[in-house]
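Order of appearance sets the numbers: ligands from 1, and atoms from 1 within every ligand.
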Amino acid sequence: MKPAMIVHGGAGPWPDAEDSARGQALVDALHTGWRILEAGGTALEAVEKATNILEDFPLFDAGIGSFLNQMGEVEMDALIVDGAALDFGAVAGVKHVRYPISLARRIMTDTPHCFLAGSGADLLARQLGFPVMSNLFFVTEAEFHRFHEKQHAAPRPQGTGTVGAVALDTRGNLAAATSTGGVPDKMPGRVGDSPVFGAGGYADNRYGAASATGVGENILRVLLSKYAVDAIAGGMNARAAAAASIDHINSRFQDSQAGLIVVDRDGQVGAAHSTLKISIAWMDADGQPRVSMQGGVGVR
Ligand code: ASP
C-alpha cells in the first residue's frame, strides 16, 4: 500500500513574511516522516518524529516557541493516537519536557494510563530519561517581548502555530499527533482541545485519521477530529470529511476559528479551515512535497 502523510503548523492569522519559513519547517517535518514511511516504518513513528521537528521550530506554538500563559510560563499539551489499536497517549500542562509528543507516546506504550497532567507527567519524563529542560528553554525572545509588552498592546489574535501530523503507512495503519503550547495569555492550568482524544486528534484504521487546530474551546465542544473520521465512516473521502467538519463547527459557532488535516484509509489527504490561514504540507501522488497556507489541498 502507498503511504500518505500531511502535517500542519496551525491555523489563524500570522504575518505573510513568515510563510516561507513556516512552509520550509513543515516540509522538513514531512520529509522526516516520509522517510520513515518509505522505509516501511509505522505511521505512529512517522507522526511522532515529524512532530518533534515542528516542536523544535520556534515560529510554531509547540515545544520551543510555545505561548506564555498569564503567569509567564509555558504549559504544553500533546496527543498521539494509534489507529491500529484505537489507543492513545496524552499529556497536559507539562513545563519541562523537550518533546511532549514523545512523552505522550511513552505514556501509551509504557504505562497503564492514557493521559497524564502537570507535575506527574514531568516527573515521568525524568524517570524515562527524557531531557528535562528549564521552562525558559521553550521561551523565544519574540514571545518574551510579547509577554512583557502585552499590558500596553491590543489583545493578540488566538494561537497560530499548534502543530500536527497524520499518516498512513504501507501496512494500512493510521496515526495522528498534535502538540501545542495552547493559546496566548491563557489562564494557568487551561487545557484546550489538542491533548483530548477525539477533539485534537483521532485515528481509526478502519476509516481515517485527523489532527485539529484553532480555538480549543470550540473544537472541544464538537470533538472535531472524531467528527471528521465519522464522516469518512459515513462514506466521505478525506477532503470532503475535512470540509464537512468545518461546516459543522461553523454551524455551531459564529466565529469557529478552526482547522484540521485528514488522511483516509485509501491514502487521500484533505484539509479545511475557518481561519484566515492554515499552514500545511503533504506528499502529492508523485511523492513530491506540496505546501499551502490557504488550505487548497486536493485529492492525491
Ligand atoms: N487548539 C489549540 C488550543 O486551543 C490552539 C491552536 O491550535 O492554535 O490549545
Trainee: Does some non-hydrogen atom of Gly10 fall short of 4.0 Å from ligand 1?
Mentor: no

Trainee: At less than 4.0 angstrom from any non-hydrogen atom of Gly182, what atoms of ligand 1 do you find?
Mentor: 9 (O)

Trainee: Out of curiosity, Lys49 NZ to Arg105 CZ, how far, rounded to the nearest 0.5 Å?
Mentor: 6.0 Å

Trainee: Quick one: list whatever passes side-chain contact (heavy atoms from CB on, under 4.5 Å) with Thr42, sequence neighbours left out.
Mentor: Leu44, Glu45, Asp169, Arg171

Trainee: So, taking the atom named CG in Asp87 and the one named SG in Cys114, what distance separates them when rounded to the nearest 0.5 Å?
Mentor: 6.0 Å

Trainee: Run the numbers for me: atoms of ligand 1, each under 4.0 Å from some heavy atom of Thr213, listed by number.
Mentor: 6 (C), 7 (O), 8 (O)

Trainee: Does Asp61, backbone or side chain, put an N or O under 3.5 Å from an N or O of ligand 1?
Mentor: no

Trainee: In the hydrophobic clustering (ILVMFWY, side-chain contacts below 4.5 Å, transitive), which residues join Tyr99, or is it alone?
Mentor: none

Trainee: For ligand 1, is there an N or O atom under 3.5 Å from any N or O atom of Gly161?
Mentor: no

Trainee: What about Ile246 and Val262, same hydrophobic cluster or not, with Ile/Leu/Val/Met/Phe/Trp/Tyr joined at side-chain heavy-atom distances under 4.5 Å?
Mentor: yes

Trainee: Over 60° means perpendicular and under 30° means parallel, so tell me whether Phe115 and Phe88 are parallel, tilted or perpendicular.
Mentor: perpendicular

Trainee: What atoms in ligand 1 come closer than 4.0 Å to a heavy atom of Ser194?
Mentor: 1 (N), 2 (C)

Trainee: Nearest heavy atom to atom 3 (C) of ligand 1: which of Lys186, Gln257, Met76, Arg190 does it belong to?
Mentor: Arg190

Trainee: How many angstroms lie between OG1 in Thr140 and CD1 in Ile64, if you round to the nearest 0.5 Å?
Mentor: 9.5 Å

Trainee: Please say whether Gly192 places an N or O atom under 3.5 Å from an N or O atom belonging to ligand 1.
Mentor: no

Trainee: I need the atoms of ligand 1 closer than 4.0 Å to a non-hydrogen atom of Asp193, numbered in the order shown.
Mentor: 1 (N), 2 (C), 3 (C), 4 (O)

